[in-house]
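Labels below follow one simple rule: chain letters A, B, ... track the order of the sequence lines, proteins then strands, and each chain is numbered from 1. Predicted, not measured: the structure shown is a model, and the values here were computed from it.
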Amino acid sequence: MAQDRQEPPAKRFKAAPPGTQPQSAAPPAHVQRRSLPISGARGPLLARLRRLDTAVLIGETGSGKTTQLPQFLYEAGIGQPGVIAVTQPRRVAAVTLAARVAEEKRTELGKLVGYTVRFDDCSCAQTRLRFLTDGMLLREAIGDPLLHKYSVAILDEAHERTIHTDVLFGVVKAAQKKRKERGLRPLKVIVMSATMDVDLFSQYFSGAPVIYLEGRQHPIDIFYTKERQSDYLQAALVSIFQIHQEAPACQDILVFLTGQEEIEAMTKTCRDVAQHLPEGCPRMTVLPLYASLPHSQQLRAFKPTPEGCRKVILSTNIAETSITIAGIKFVVDTGMVKAKKYSPDTGLEVLAVQQVSKAQAWQRTGRAGRQQSGVCYRLYTEEDFEKFEEMTTPEIQRCNLASVVLQLLALKIPNVLTFDFMSKPSPDAIQAAIDQLDLLGAVTQKEGQLVLTPLGKKMAAFPLDPKFSKAILVSPQFHCAEEILTIVSLLSVDSVLHNPPAQRDEVQAVRKKFISSEGDHLTLLNVYRAYKSVNGHKGWCRENFINGRNMKLMAEVRAQLRDICVKLSLPLESCRGDTAAVRRCLAHSLFMNAAQLLPDGSYSTVGSQQAVAIHPSSVLFQCKPACVVFTGLLRTSRCYMRDLCPVDAEWLLEAAPEFFHRKLRTAKS
DNA sequence: GATAATGCC
């Protein structure tokens with residue numbers, strides 16, 4: 001494959017979340033601290049920040065902004081008295097950053113410097129520098145919209161534009177304004193980002209000044225293909241082996257692909273090809289990397305390879321931000337990503353392979369130059385690259401907003417339709433969310449204003465999608481709260497079922513014993529009961545292709561949800577063998593996701609008459625129940641229902657009579 | 001009739 005050498009880009013690259021990579025041998029923290037580029041700018045930086053209410057800080061890789069700036073502010077007495085909050089999109093980052101800063105300050109973690117993430121609060125009344133996930137600060141804001149305890153809010157990794165960060169922008173902006181109006185202590189807001197979206201951030205925060213920090217990034221050579229590639233997998237394969245035959249064996253390759261199946265297939269192909277290489281060629285270790293891969297197998301990607309052997313990592317976009325692998329010399333970027341879109345009119349989530357944005361391509365490229373100079377092969381032409389979108393569409397414009405709207409209402413935002421989003425979701429998307437909350441009985445109109453009902457307030461107490469909160473809240477009526485807690489917890493973590501494509505038959509055989517003819521939810525319940533009966537035994541998990549890590553996480557979620565139930569005085573009963581009670585409860589919470597079997601053997605959703613099919617992963621795949629509810633729709637090659645539960649049609653009518661009568665009318669007209 | 005990017009409360 002012919003490739004033109006291009007000049008390295010003038011742009012620098014975005015910093016990976018510090019601390020998320022495995023620690024190598026390094027000098028003591030307080031020794032290293034002074035050599036970071038930010039140190040030289042300390043005086044002028046503090047002088048500017050002291051005067052500003054809001055600032056946008058652009059820092060490049062290795063600028064040290066996340067670890068140093070909070071310390072500078074604290075040491076200079078900026079924001080005293082009060083707590084300095086630093087938010088992160090990911091838990092590991094919040095935890096490791098706090099640990100790093102505590103070490104630099106030579107204090108015990110959890111005292112002056114602490115962190116707060118779900119299930120793990122390592123902070124106390126003396127904590128002044130507090131690292132938290134953005135979702136955590138958002139939860140806190142529901143109880144205290146003005147964020148009284150904080151004097152400074154630093155929103156880090158803002159360019160990632162997670163749904164939580166985007167809502168937080170609006171929350172801190174409103175808190176800052178209200179505190180000013182009421183003559184309270186000011187809230188200083190500092191938005192930290194990589195070299196993207198700068199103008200947007202500044203404009204949103206009323207023209208806040210942008211401060212640039214110098215970084216350290218090794219140069220990266222970029223190669224584009226001369227011609228457009230019709231098959232990016234083939235192109236990737238060619239690139240991998242071209243690099244393999246030319247470059248020294250110690251230099252590792254990171255390849256960006258789109259999903260599990262593709263990666264597993266490519267892993268196999270590469271391993272096969274590597275078997276038949278000419279004499280003198282280095283050996284090759286091919287390692288897949290994606291989120292649903294069991295932890296132990298993910299760890300293999302971090303292990304250094306023995307001398308004379310090259311590591312080739314085939315990864316999803318997990319390696320773009322969440323996971324940093326040391327020693328990558330070559331990045332191969334297919335330019336493709338699997339990402340979710342949402343259309344409010346159909347309520348459909350669409351998971352589709354699409355082109356990355358320019359920002360995303362730069363992010364991938366940057367993974368090559370972290371410890372040494374690197375090379376990035378882009379498997380598309382430069383002309384095509386120029387046509388890529390500048391930025392990835394923020395998540396808030398690609399999601400079902402039911403959860404967000406519920407949170408905004410819990411924050412007592414007067415009008416969710418005019419909430420000050422940095423990037424406004426479409427009014428249709430917001431309206432669809434309001435309609436959904438209305439169906440669930442969470443909202444009502446009061447003096448021309450949309451407010452939460454008592455049920456809605458209870459729903460907002462749960463860290464869950466509103467339909468799952470509803471399931472829990474109605475479960476006492478069916479005496480099955482314990483079962484519903486289990487099911488909802490299982491559905492709100494990554495799948496506890498491990499499905500390695502290579503062992504498909506084995507998986508099917510071993511999973512038979514859990515299968516319930518009453519659908520996926522009850523099958524999951526069986527899995528949980530079996531897991532409990534062996535006390536989560538590791539060997540049992542392995543034999544049964546159960547992801548033990550996700551099971552443990554699920555147990556933590558369940559305990560948290562159960563606590564909330566206790567606080568709300570919900571009677572927690574078990575229905576034992578009465579599985580119909582569980583299905584009835586699911587009918588009462590998932591009724592807007594219902595589908596009926598048509599005479600021709602296909603399915604159609606009850607509301608929007610959308611043609612749908614049973615997802616092959618469902619235990620009901622080869623069955624034809626007359627009427628089902630499902631957890632969600634996903635369009636890949638077809639429009640699939642996931643996590644199905646057979647229900648009686650009468651249950652649906654009993655659950656939401658108005659909704660179904662209305663639907664019937666529209667169906668007739 | 002044939003299969004699910006990532007992350008968080």
- Query: Between B:dT3, B:dA2, B:dA4, which nucleotide has the shortest distance from any of its atoms to the side chain of A:Gln622?
  - Reply: B:dA2
- Message: By the 4.0 Å heavy-atom rule, please label A:Asp134 as base, sugar-phosphate, or nothing.
- Response: nothing
- Task: Whole angstrom is fine here: how far is it from NE2 in A:His159 over to P in B:dG7?
- Result: 15 Å
- Message: I'd like to know if A:Glu160 pairs up with A:Arg90 as an ion pair, taking the criterion as any Lys NZ or Arg NE/NH1/NH2 lying under 4.0 Å from an Asp or Glu carboxylate oxygen.
- Response: yes
- Quick one: label A:Tyr640 by what it contacts on the DNA or RNA (base, sugar-phosphate, nothing), any heavy atom closer than 4.0 Å. sugar-phosphate
- Message: From C-beta outward on A:Val117, which listed nucleotide comes closest to its side chain: B:dA4, B:dC9, B:dG7?
- Response: B:dC9
- Query: Within the structure shown, what part of the strands sits under 4.0 Å from A:Leu351 by heavy-atom distance: base, sugar-phosphate, or nothing?
  - Reply: base
- Message: More than 12 heavy atoms of other residues, nucleotides or ligands under 6.0 Å from CZ of A:Arg511: yes or no?
- Response: yes
- Is the distance from OP1 or OP2 of B:dC9 to the nearest side-chain N or O of A:Arg91 less than 4.0 Å? yes
- Query: Hey, is the side chain of A:Ser322 poking within less than 4.0 Å of OP1 or OP2 on B:dG7, counting only N and O atoms?
  - Reply: yes
- Between A:Gln560 and A:Arg398, who's closer to the 5' end of DNA chain B by nearest nucleotide? A:Arg398
- Task: Could you check how far CZ of A:Arg90 sits from P of B:dT6, rounded to whole Å?
- Result: 13 Å
- Message: Without decimals, in angstroms, what is the distance between A:Gln363 CD and B:dG7 C1'?
- Response: 15 Å
- Query: What is the distance, rounded to the nearest whole Å, between atom CG of A:Leu138 and atom C1' of B:dC8?
  - Reply: 10 Å
- Taking CG from A:Leu561 and C1' from B:dC8, how many angstroms apart are they, rounded to a whole number? 14 Å
- So does A:Ser617 get a side-chain nitrogen or oxygen closer than 4.0 Å to the phosphate oxygens (OP1/OP2) of B:dT3? no
- Item | Interatomic distance where CZ belongs to A:Phe621 and P belongs to B:dA4 [whole Å] | 12 Å
- Task: Could you check whether A:Ser403 gets within reach of a base, just the sugar-phosphate, or nothing at all, counting any heavy atom under 4.0 Å?
- Result: nothing
- Message: Among A:Glu264, A:Glu261, A:Gln298, exactly one meets side-chain hydrogen bond (donor to acceptor under 3.5 Å, both in side chains) together with A:Tyr290. Which residue is that?
- Response: A:Glu264
- From CD of A:Glu264 across to C1' of B:dT3 the rounded distance in Å is 13 Å
- Taking B:dT6, B:dA4, B:dC8 as options, the one with an atom nearest any side-chain atom of A:Thr316 is B:dT6
- Send over the distance from A:Ile318 CD1 to B:dA4 C1', rounded to a whole Å. 14 Å
- Is atom CD of A:Glu389 surrounded by more than 12 heavy atoms (other residues, nucleotides or ligands) closer than 6.0 Å? no
- Counting side-chain heavy atoms from C-beta on, which of B:dA4, B:dA2, B:dC8 comes nearest to A:Pro616? B:dA2
- Message: Please check if the number of heavy atoms outside A:Lys173 that lie under 6.0 Å from its NZ is greater than 12.
- Response: yes
- Task: Classify the nucleic acid contact of A:Val353 as base, sugar-phosphate or nothing, counting any heavy atom under 4.0 Å across all strands shown.
- Result: nothing
- Message: Quick one about A:Tyr150 and A:Arg130 (side-chain donor to acceptor, distance below 3.5 Å, no hydrogens or angles considered), yes or no?
- Response: yes
- Give A:Ser637 one of three labels, base, sugar-phosphate or nothing, depending on what nucleic acid heavy atoms sit under 4.0 Å from its own. sugar-phosphate
- May I ask you to say whether A:Glu140 pairs ionically with A:Lys149, meaning some side-chain N is under 4.0 Å from a carboxylate O? yes
- Is any side-chain N or O of A:Thr133 closer than 4.0 Å to OP1 or OP2 of B:dC8? no
- Query: Between B:dA4, B:dT6, B:dC9, which one does the side chain of A:His615 approach most closely?
  - Reply: B:dA4
- Residues two or more places apart in sequence or in another chain: which of them pass salt bridge (charged side-chain N to carboxylate O under 4.0 Å, His left out) with A:Arg558? A:Glu482
- Query: Of the nucleotides B:dG1, B:dA5, B:dA4, which one has an atom closest to the side chain of A:Lys340?
  - Reply: B:dA5
- Distance flag, aromatic centroids of A:Phe388 and A:Tyr380, threshold under 6.0 Å: yes
- DNA chain B contacts made by residues 623-631 of chain A, counting heavy atoms under 4.0 Å: none
- How is A:Arg642 classified with respect to the nucleic acid when contacts are heavy atoms under 4.0 Å: base, sugar-phosphate, or nothing? base
